[in-house]
Amino acid sequence: MCRCATGTPHFTIDFMADISKIRNIGISAHIDSGKTTLSERILFYTGKIHAIHEVRGKDGVGATMDSMDLEREKGITIQSAATYTTWGDYNINLIDTPGHVDFTVEVERALRVLDGAVLVLCSVAGVQSQSITVDRQMRRYSVPRLAFINKADRSGANPDRVMEQLREKLSHNPAFVSYPIGLEDKLEGVINIVDMKAIYFDGDDGENLREEEIPANLMDKAKELRHRLIEVAADFDDSLMEKFLMDEQPTRDELVSAIRKGTLSLKMTPVFVGSAYKNKGVQVLLNGVVDFLPNPTEITNEALDQDNNEQKIQLESDPTKPLVMLAFKLEDGRYGQLTYMRVYQGTVKKGDFITNIANGKKVKVPRLVRMHASQMHDIEEAQSGDIVALFGVDCASGDTFTDGNVRYTMTSMFVPEPVIELAVAPKDKAGQVNFSKALNRFTKEDPTFRVMRDEESGETIIKGMGELHLEIYIERIRREYNTEITVGRPKVAFREAISQRSDFNYTHKKQTGGSGQFGRVGGFIEPLPDDAIENYEFVDDIVGGVIPREYIPACDKGFKEAVLEGSLIGQPVVRVRVTINDGATHAVDSSEQAFKTASLMAFREAYEKAKPIILEPIMKLEVSAPEEFQGTVIGQVNQRRGVIMGTTSEMGYVTVEAEVPLSEMFGYSTDLRSVTQGKGEFSMEFKKYQPVPRNIQEEMVKEYQKKRAEGR
């Protein structure tokens with residue numbers, strides 16, 4: 001790094017550098033913890049931008065990573081945004097992810113391709129509901145992480161309490177690597193526990209670091225924290241453990257190396273403290289990113305070899321090996337589809353031909369870019385470890401691309417099921433084309449946004465993760481496609497299930513002049529356990545060829561079609577296992593169609609006897625309000641069929657945790673504001689499906705049957 005005449009940092013970027021100097025990181029947290037503000041400071045201190053803009057800044061510009069108008073208006077991140085920058089001689093690919101649970105798929109897809117992450121926590125609120133969700137997502141993809149306890153300048157800030165919550169609520173093994181000098185409005189700087197120095201952040205934007213001795217009143221605390229840091233890190237390094245037991249002080253390199261080993265093993269979490277908004281502590285965190293988070297060669301990435309029975313292959317972060325890259329995010333931009341790719345192995349160049357393993361199609365790479373939020377910087381080539389974007393490559397999210405020399409596929413990300421739906425239609429016929437274009441685009445970009453047509457009513461139904469999720473898409477159709485939309489009332493995405501085993505033995509026989517149709521299937525259906533990953537399982541227990549092998553896939557198809565719509569309220573049937581163990585065939589009249597129909601009808605017959613039930617989505621609700629409103633808040637939750645799971649009080653505020661049916665939560669934000677004088681806030685995320693009460697089920701079934709009768 002050098003400085004130009006004005007004193008502004010100036011960087012020369014060389015992205016074909018040593019792969020050990022690359023860091024692919026994400027910033028994730030509960031909503032309003034300061035992720036985007038932190039990203040803005042990182043870009044400023046690394047010289048990527050030359051002025052700081054706030055999320056809800058008075059200058060009207062908005063934060064760099066919030067490039068959508070809607071993001072700037074609402075002050076929230078809606079889409080994950082990618083950028084790249086440098087810190088010293090390290091190259092950093094950075095993805096800022098949304099905190100709102102409705103956009104959780106953006107976090108899933110980012111963590112799927114990242115090597116490390118920064119978990120941001122609020123010094124006042126600590127570990128919140130979405131912090132727990134994000135932590136679970138990091139564990140799902142085995143992502144090593146640092147924690148940054150932000151907002152240490154706020155009234156009520158207490159990093160020590162947040163550290164305890166990391167240990168108790170998230171089961172981390174945390175240790176402070178930096179610690180604040182003062183708190184709330186007295187926040188002056190941070191102590192670097194590794195180097196035992198006080199760091200102050202001078203200049204208008206905290207860009208000039210000043211190193212001093214630790215204040216005398218904090219020296220004992222600093223020594224205690226360093227002892228704790230060495231104790232935690234010693235578990236990952238034998239020589240450090242020896243020194244710790246002998247009460248000898250390790251060298252800086254020994255301590256950093258041990259912390260790094262602990263972080264990469266996912267068994268230790270280095271904790272940094274500061275205030276991104278007040279420009280304190282961010283550069284120390286950046287040093288932690290390069291010191292403790294992995295480079296691409298230190299992460300194990302596996303692919304499945306399609307030419308060898310999907311045998312697992314360990315990919316190497318080697319630019320000379322055959323190319324393997326994963327499309328993890330799609331955007332429809334001004335110049336066509338923009339496909340974000342993570343390169344896991346090999347090299348890709350502009351003009352190369354690459355193969356989409358999903359469909360075998362070869363495509364040319366017409367344009368290769370690095371993204372800086374909404375800006376594009378053209379490049380000629382990218383290598384293993386890079387995160388880039390390609391133009392003009394038509395594919396789906398989760399597709400794997402290679403150079404054609406290997407047929408490997410990467411495992412895709414976890415996609416949660418939608419829980420809410422709306423009937424939508426363009427206000428006039430002229431908007432129909434743009435309306436269809438918008439829906440096609442958004443379903444391609446966002447796997448949690450689904451579109452279906454209700455055959456009975458003829459309505460177009462959109463499904464998503466919450467009211468805000470669908471509200472954003474409706475607003476985008478209005479703005480980006482200039483199409484006014486009429487919107488029905490939100491509905492909950494109910495499901496159907498069976499509560500007991502039920503046998504079937506169904507014969508499908510049809511004679512129509514020539515050859516007829518014949519197929520008999522026997523077996524049973526039974527509930528899958530609640531924690532089953534798949535909603536449908538097919539078991540083939542046919543012996544002796546009573547159903548020929550060529551008809552077994554047709555049986556599976558028939559059952560799959562049957563579970564799309566249950567008979568109670570016409571919703572999909574979930575958590576069901578179908579086993580076939582008997583059947584009969586006819587030499588002339590049996591066919592795939594006959595066995596598909598027999599299976600469909602057999603399922604319907606067994607379903608009626610399996611005591612079917614209706615399931616509703618249950619949300620995990622976290623409400624925070626002044627203690628004086630505790631009784632009212634709990635009363636409101638109880639009225640909505642909520643079950644209180646626990647309450648905690650801190651700093652005059654009470655936090656109520658509950659599980660509540662989604663169907664009871666419409667309009668809750670208005671009600672909560674009115675009973676707490678606007679001081680209450682809540683967050684909500686999908687927890688599980690569970691049976692609706694019997695009386696409500698009976699009402700729902702009656703209403704569905706009445707609608708069907710009227711529709712005839």
Side-chain angles (χ1 to χ4, degrees), residues 100-106 108 133 414-425 439 442-443 446-474 485 487-499 527-528 530-536 560-576 607 612-621 640-642 659-669 683-693 696-697 699-705 707-708:
H100 200 289
V101 69
D102 283 18
F103 310 106
T104 191
V105 75
E106 294 287 330
E108 291 281 350
T133 302
F414 171 76
V415 178
E417 285 293 311
V419 293
I420 191 169
E421 54 189 56
L422 283 174
V424 291
L439 294 184
F442 295 146
T443 48
D446 181 352
T448 58
F449 179 74
R450 314 269 174 91
V451 179
M452 61 165 279
R453 184 174 173 79
D454 187 324
E455 294 303 330
E456 285 184 18
S457 64
E459 292 176 319
T460 300
I461 308 292
I462 58 173
K463 298 183 179 185
M465 300 306 297
E467 287 181 273
L468 181 64
H469 188 209
L470 298 184
E471 181 191 311
I472 291 292
Y473 278 118
I474 288 162
I485 302 289
V487 181
R489 286 187 63 197
K491 288 184 200 164
V492 169
F494 290 99
R495 295 285 181 266
E496 295 186 31
I498 57 174
S499 57
L528 280 169
D530 290 351
D531 59 354
I533 296 170
E534 299 296 331
N535 276 318
Y536 164 80
K560 274 182 180 164
E561 192 175 308
V563 299
L564 292 175
E565 190 178 309
S567 59
L568 293 179
I569 55 169
Q571 292 297 315
V573 181
V574 296
R575 299 182 201 157
V576 63
Y607 187 67
I613 53 175
I614 298 171
L615 302 177
E616 63 180 341
I618 301 296
M619 310 303 283
K620 181 182 169 192
L621 174 71
R640 293 171 182 265
R641 289 200 286 128
E659 291 182 2
V660 195
L662 175 60
S663 58
E664 304 288 345
M665 290 305 291
F666 298 122
Y668 179 66
S669 55
S683 64
M684 187 171 69
E685 65 174 302
F686 172 70
K687 177 82 187 285
K688 61 187 176 185
Y689 269 100
Q690 77 177 30
V692 302
I696 294 177
Q697 173 163 321
E699 282 174 32
M700 290 173 74
V701 171
K702 271 185 202 166
E703 196 177 321
Y704 175 70
Q705 287 170 347
K707 271 175 71 179
R708 290 199 69 176

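Owing to the predicted nature of the structure, the values given are computational and were not obtained by experimental measurement.
When atom types are taken as modelled, the side chain of Glu496 and the backbone of Gly570 share a donor-acceptor pair closer than 3.5 angstrom. Here the side chain of Gln690 pairs no donor or acceptor atom with the backbone of Ile618 at under 3.5 angstrom. Judged by distance alone, with hydrogens and angles left aside, the side-chain atoms of Arg495 form no donor-acceptor pair with the main-chain N or O of Leu615 at under 3.5 Å. Remark: the backbone N or O of Val692 is not paired with any side-chain donor or acceptor of Glu616 at under 3.5 angstrom.
Residues Met665 and Val660 approach most closely at SD-CG1, 3.5 Å, considering heavy atoms. When every heavy atom of Ala493 is checked against every heavy atom of Tyr689, the shortest pair comes out as O-OH, 2.7 Å. Summarising the geometry of Pro490 relative to Phe666, their closest heavy-atom pair is CB-CE2, 3.7 Å, with the distance given to 0.1 Å. Of all heavy-atom pairs spanning Ile420 and Met465, the tightest one is CG2-C, 4.2 Å. Closest approach of Val573 to Ala497, counting heavy atoms only: CG1-CA, 4.3 Å. Contact between Val487 and Ile474 at its shortest, heavy atoms only, is CG2-CD1, 3.8 Å.
A 4.5 Å side-chain heavy-atom check between Asp446 and His469 finds at least one atom pair inside the cut-off. Between Ile614 and Ile696 the shortest side-chain heavy-atom distance does not fall below 4.5 Å. Two residues are said to be in side-chain contact when any heavy atoms from C-beta on lie closer than 4.5 Å; Asn535 and Val563 fail this criterion. Side-chain contact between Arg641 and Pro693 is present, with at least one heavy-atom pair separated by less than 4.5 Å. In this structure the side chain of Ile569 reaches within 4.5 angstrom of the side chain of Phe494, judged on heavy atoms.
Atom OH of Tyr668 is separated from atom CD of Glu467 by 13.5 Å, given to the nearest 0.5 angstrom. Arg575 CZ to Ser499 OG: the interatomic distance, rounded to the nearest 0.5 Å, is 12.0 Å. Atoms CD and CG, from Glu534 and Leu528 in turn, are 9.5 Å apart once rounded to the nearest 0.5 Å. Glu685 contributes atom CD, which lies 10.5 Å from atom CG of Leu621 (distance to the nearest 0.5 angstrom). To the nearest 0.5 Å, atoms NZ (Lys687) and CE (Met619) are separated by 11.5 Å. Here the CZ-OG1 distance, from Phe686 to Thr133, works out to 12.0 Å after rounding to the nearest 0.5 Å.
By the side chain to side chain contact (heavy atoms under 4.5 Å, CB included) test, Lys491 pairs with Glu421, sequence neighbours left out.
Between Phe442 and Phe449, the ring-plane angle classifies as perpendicular under the 30° and 60° cut-offs.
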Are Leu568 and Tyr704 close enough, and set up right, to give a side chain to side chain contact (heavy atoms under 4.5 Å, CB included), and what steps lead you there? CA-CA 8 Å; Leu568 293 179; Tyr704 175 70; over 6 Å; no
